[in-house]
J.: 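Can you keep this structure in mind? I'll have questions shortly.
Positions are given from 1 along the sequence. Note that ligands are numbered from 1 as they come in the structure, with each ligand's atoms numbered from 1 the same way. Since this is a predicted model, take the numbers as computed values, not measurements.
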Amino acid sequence: MIDFIKEKFNEIYSADPDQIYFAPARVNLIGEHIDYNGGLVMPAALETGTYLALKERTDAEMHFYSVNFPDNQFVYNLEDAPFDKNESYWVNYPVGVINALMEKGTSFDKGYDFLYYGNIPNGGGLSSSASIEVVTAYALNHAQLSKVDLALLSQDVENNFVGVNCGIMDQFSVAMGKKDHAIILDCETLEYDYAPFVLSDHQLVIINTNKERKLAESKYNERRATCEESLEILNQQGEEFANLCNIPYSYFEKHQDKLTEEQRKRVKHVITEQARVLKSKEALAKNDILEFGKLMNASHASLKGDYEVTGKELDTVNEESLKLPYVIGCRMTGAGFGGCAIAIVEKGKVDEYKKALEKSYTEIIGYAPTVIEMSIGDGVRVLSS
Ligand code: GLA
């Protein structure tokens, strides 16, 4: 891969890069729509992600090129900083990060040539945007910010420059991932721990529904707003909680009649999902993958019935997968509304699974899913000099 990146860099900029960096994509194993509700999530970094080759220039220009979107090259001049948001989407991620780094006191004497290449399934909800943000922040981290601070800076770019009101989970996992481990992250305090995720008899598989995630952002922001309104109402019933994840189920049951039916369902998902993360943590500590699989299935059911973020494609993946005796768990991952699901499949059965799911999904949906074996990798890093 390094040779491929160098070759491309030479093609575009007629020189070798100074350095090549990598930031992974992520999956969330369990704990969905929990980060912005202040609870515990269990994501992991993948081995696919975004490569960034970088070379300092002799002038004040910043040149951006992506192998994935080769039609446009963007050029900015440091004299025009802070940079404005561009119509074209992907370049806003690195440009937003550069603005944010400058705001935090980093000054750039010279510009750079940037070349990006991503092997993350496109539009699959595996956080390609967080991956671009974090790899850029890491590569230009002249102020030696910690990786956690780089994750927070990237989330701020997403919220305030790009305009998506996401939580911290994606940027944190991309920055802090650890090979063969799930991250257990408390999204309120940012305390974290790693749990070994080694599947000796099973394989982690990602299924891209290949459904375009239309309206995903507005529906995402809508879910978030409903959670905020519900917390306010529940906080008027006698006790005050910092976030929905802190609310005991018994308190919710007692006061649920104060919520609308929609609010009630959303809160129920959040509180029960949080309990599932805690149980998953215990199951992983005992290496009880079967139990973990059951919790994944319950998580999907709750995201379908109560949080209503799955849709026909993700539900088809879930239902068709669970008909197969060698699939022990399957759930959507990320924001939902299309995108990807993950499954845990018995080792040696992945090819059979792939064929079976491609057939049934195509019959029901009309086009094929993409089924990929995945391993858990490390967070953002330098690849070579
Ligand atoms: C998206 C957001 C995350 C998180 C998930 C849902 O991936 O970027 O912050 O809220 O959805 O768990």
Side-chain angles (χ1 to χ4, degrees), residues 23-46 49 89 92-93 96 120-134 148 151-177 182-188 190 192 206 208-209 213-228 243-245 266-267 269-274 276-277 280 295-296 299-300 302-304 306-311 314 331-342:
R26 70 95 189 88
V27 284
N28 188 18
L29 297 169
I30 197 158
E32 217 63 83
H33 288 276
I34 286 293
D35 60 352
Y36 55 84
N37 284 307
L40 279 188
V41 292
M42 206 187 273
L46 296 175
Y89 213 52
N92 287 322
Y93 300 120
I120 303 174
N122 243 350
L126 301 179
S127 292
S128 48
S129 59
S131 177
I132 299 175
E133 288 152 5
V134 171
V148 172
L152 285 165
L153 179 140
S154 300
Q155 183 203 10
D156 189 56
V157 170
E158 189 88 41
N159 293 168
N160 298 315
F161 188 73
V162 178
V164 179
N165 215 0
C166 66
I168 186 62
M169 175 173 78
D170 302 347
Q171 289 79 7
F172 194 97
S173 349
V174 166
M176 301 294 289
I183 308 170
I184 300 174
L185 170 66
D186 181 326
C187 298
E188 195 186 10
L190 293 191
Y192 64 96
I206 294 186
N208 190 348
T209 59
R213 293 195 309 145
K214 268 200 198 143
L215 296 179
E217 279 160 21
S218 59
K219 286 189 191 158
Y220 180 90
N221 289 346
E222 203 180 285
R223 291 295 180 285
R224 190 169 176 160
T226 306
C227 287
E228 281 160 13
N243 57 60
L244 278 188
C245 287
R266 306 299 186 245
V267 175
H269 164 73
V270 171
I271 298 178
T272 59
E273 181 77 350
Q274 188 57 158
R276 283 184 288 273
V277 177
S280 299
L295 292 162
M296 285 172 71
S299 167
H300 187 95
S302 173
L303 287 155
K304 177 185 177 191
D306 288 331
Y307 218 66
E308 298 180 285
V309 291
T310 55
L314 284 165
R331 61 180 289 277
M332 56 154 272
T333 186
F337 315 106
C340 286
I342 52 174

J.: In terms of side-chain heavy atoms, does Arg331 have a donor or acceptor partner in Ser299 at a distance below 3.5 Å?
T.: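 There is such a pair between these side chains.
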J.: Fit a plane to each ring of Phe172 and Tyr192, take the angle between them on a 0 to 90° scale, and name the class: parallel (under 30°), tilted (30 to 60°) or perpendicular (over 60°).
T.: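 Correct class here is perpendicular.
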J.: Side-chain donor-acceptor pair under 3.5 Å between Arg276 and Thr272, yes or no?
T.: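 Per modelled atom types, Arg276 and Thr272 side chains form a pair under 3.5 Å.
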J.: Under 4.5 Å between any side-chain heavy atoms of Leu303 and His33, yes or no?
T.: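 The answer is yes; the side chains approach within 4.5 Å.
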J.: Nearest 0.5 Å, what's the CG-CG distance between Asn243 and Asp35?
T.: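 CG of Asp35 is found 11.5 Å from CG of Asn243.
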J.: Just to be sure I understand the cut-off, which residues have at least one non-hydrogen atom under 4.0 angstrom from an atom of ligand 1?
T.: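 Contacts of ligand 1 under 4.0 Å: Arg26, Glu32, His33, Asp35, Tyr36, Cys166, Gly167, Met169, Asp170, Tyr220, Gly334, Ala335.
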J.: Looking at CG of Leu29 and OG of Ser280, how far apart are the two atoms once the value is rounded to the nearest 0.5 Å?
T.: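 It is 9.0 Å, given to the nearest 0.5 Å.
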